[in-house]
Amino acid sequence: MAGWLSRTTSLFQKKPQSQPEPFEVECDCGGKVTGQRTPTFQKPLCPVCERPVFVLPANVYPRPAVRAKSKALAPRPTQETKGGRTSPNLVIDEAGSSTSTAASSSKAGSKKGGRRERKVGTPERPEPLLQREPRSPLVTPLRLIGVAIVLISGLTATGLWYRQQFEAAKATAATAAEAGLTALKNGEFALAAVELKKAQQAVDLLKRKDPEAENIRRRSQEATTLANLASSSLIDILEAAIASAKPGQSDPLHMASLDQDAWVVFDSHLLPAAEGASRVMLDAPMRIDGVTVRIEIDSAVLKRAMEAEEAAESPRVIFAAQLQQISPPKGDPPVSVLQLNSRSAYLWTNYDAYLALGYQPLETEKDQIQALFDRQQQIR
């Protein structure tokens, strides 16, 4: 207890002043400034350039006690066996002289600060490399919590976005469909196509399969056809294509850019083009400049329309499709084939839109055409 108290009180006792600490600072010009350090910093002038040089004050902290150096362990002598004899290993110092292991050990113990010696035949031990710090685990509870929060936030935001889209689709399906049908009655086919396309996208987003939604889809197809009908008649298109044919040509005939992928509405009877296939042929061959033109299409919906009319050998169908390509005339007599785009074909179902094409059926045919549209509406 007394020893602890004496050590504690000694901390508050005034320590004897340390010995003056000299300094020697080199100036930027190469001159040296010397003197004694003071309790505060000082700026003596350089004797060469006479510029002030900053000098740190004296160190106020006590210097640590110098520990006694431990004696270096002398290398253990090793012996090598040659022919049954043991001889001490030779040691070569840096000056090139050779001594025995025992002699080198005694020199190492007697001379401190001498030159370092290296043993011949024994490789020096490499210094230990720094060990890598252990990596933190990839999956931690904190990271799992963070990932869960991000996933929940993303799912919540996605759900809110879909809900907003559904609410907007409900409003769009009603307003756009009404605006499109009104434009269709007024003969504004471009506006009708845009509005009915919006209504179709809305019912597709809502995944509606009710009769009203199916009616919107059919009206959108018909409005798109009316807005993108071929600028020329089918006969004019075929005449221009056949006139561009070259002798021995195998590639499809050239078609005007305005007529390529243009829509055409057909009212014709159907015939099977190949047994067991979905390709059908229109029973309406045309004669253009001595070339017989046959119209064919590979369409499953038209094939089902043929199968629905079991009693008729060549059932009548009213449908729309896009022009695809015309083959060059071949054979004798020459025959050319007009192929329609199979992915675009659909059955026409609206009587008012049919009249908008410019057709004027007879009074006796109105009931037949309306009955045909009713049957085609049931075919999917």
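Throughout, residue positions are numbered sequentially from 1 according to the sequence presented.
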If you compare all heavy atoms of [X] against all heavy atoms of [Y], which two are closest, and at what distance to 0.1 Å?
X	Y	value
T40	P57	C-CB, 3.5 Å
V55	R37	CG1-NH1, 3.7 Å
K303	V280	CD-CG1, 4.2 Å
P328	P252	CD-CA, 4.3 Å
D298	R279	OD1-N, 3.5 Å
K198	A176	CB-CB, 4.0 Å

Is any side-chain heavy atom of [X] less than 4.5 Å from a side-chain heavy atom of [Y]?
X	Y	answer
M306	P315	yes
Y351	K366	yes
F189	T225	no
R218	N350	no
F266	L234	yes

Give a yes or no on this: more than 12 heavy atoms of other residues, nucleotides or ligands lie within 6.0 Å of atom [atom1] of [X].
X	atom1	answer
Q260	CD	yes
I235	CD1	no
F41	CZ	no

- Test log, rule side chain to side chain contact (heavy atoms under 4.5 Å, CB included), inputs Y354 and D267: CA-CA 11 Å; Y354 179 75; D267 183 356; 3.5 Å; yes
- Query: Between Q324 and L340, does a side chain to side chain contact (heavy atoms under 4.5 Å, CB included) hold up when you go through it step by step?
  - Reply: CA-CA 5 Å; Q324 187 171 6; L340 305 178; 5.8 Å; no
Flag, side chain of [X] to backbone of [Y], donor-acceptor distance under 3.5 Å:
X	Y	value
E24	K32	no
S336	S327	yes
H269	D283	no

- Exactly one candidate in L347, L282, I379, V301 meets side-chain contact (heavy atoms from CB on, under 4.5 Å) with V317; the answer is L347
According to a hydrophobic-cluster definition based on side-chain heavy atoms being under 4.5 Å apart (Ile, Leu, Val, Met, Phe, Trp, Tyr only), do [X] and [Y] belong together?
X	Y	result
L226	I318	yes
L355	L357	yes
L229	I295	no
V293	V337	no
W263	L323	no

Nearest 0.5 Å please: distance from the [atom1] atom of [X] over to the [atom2] atom of [Y].
X	Y	atom1	atom2	result
I297	S344	CD1	OG	6.0 Å
L181	N215	CG	CG	7.0 Å
I369	T364	CD1	OG1	9.0 Å
I326	L253	CD1	CG	6.0 Å
L155	L160	CG	CG	11.0 Å
Y346	T224	OH	OG1	7.5 Å

- Message: Before you tell me yes or no, could you show the steps for W348 and L372 under side chain to side chain contact (heavy atoms under 4.5 Å, CB included), namely the whole-Å CA-CA distance, both residues' side-chain angles and the distance that decides it to 0.1 Å?
- Response: CA-CA 9 Å; W348 203 274; L372 176 61; over 6 Å; no
- Message: What I want to find out is whether E307 reaches R304 closely enough, with some N-O distance under 4.0 Å, to be called a salt bridge.
- Response: no
- Under the side chain to side chain contact (heavy atoms under 4.5 Å, CB included) rule, what do N228 and Q322 come out as? Steps first, then yes or no, please. CA-CA 10 Å; N228 298 278; Q322 289 178 293; over 6 Å; no
- Query: Side chains of E222 and T349: do they bring a donor and an acceptor to under 3.5 Å?
  - Reply: yes
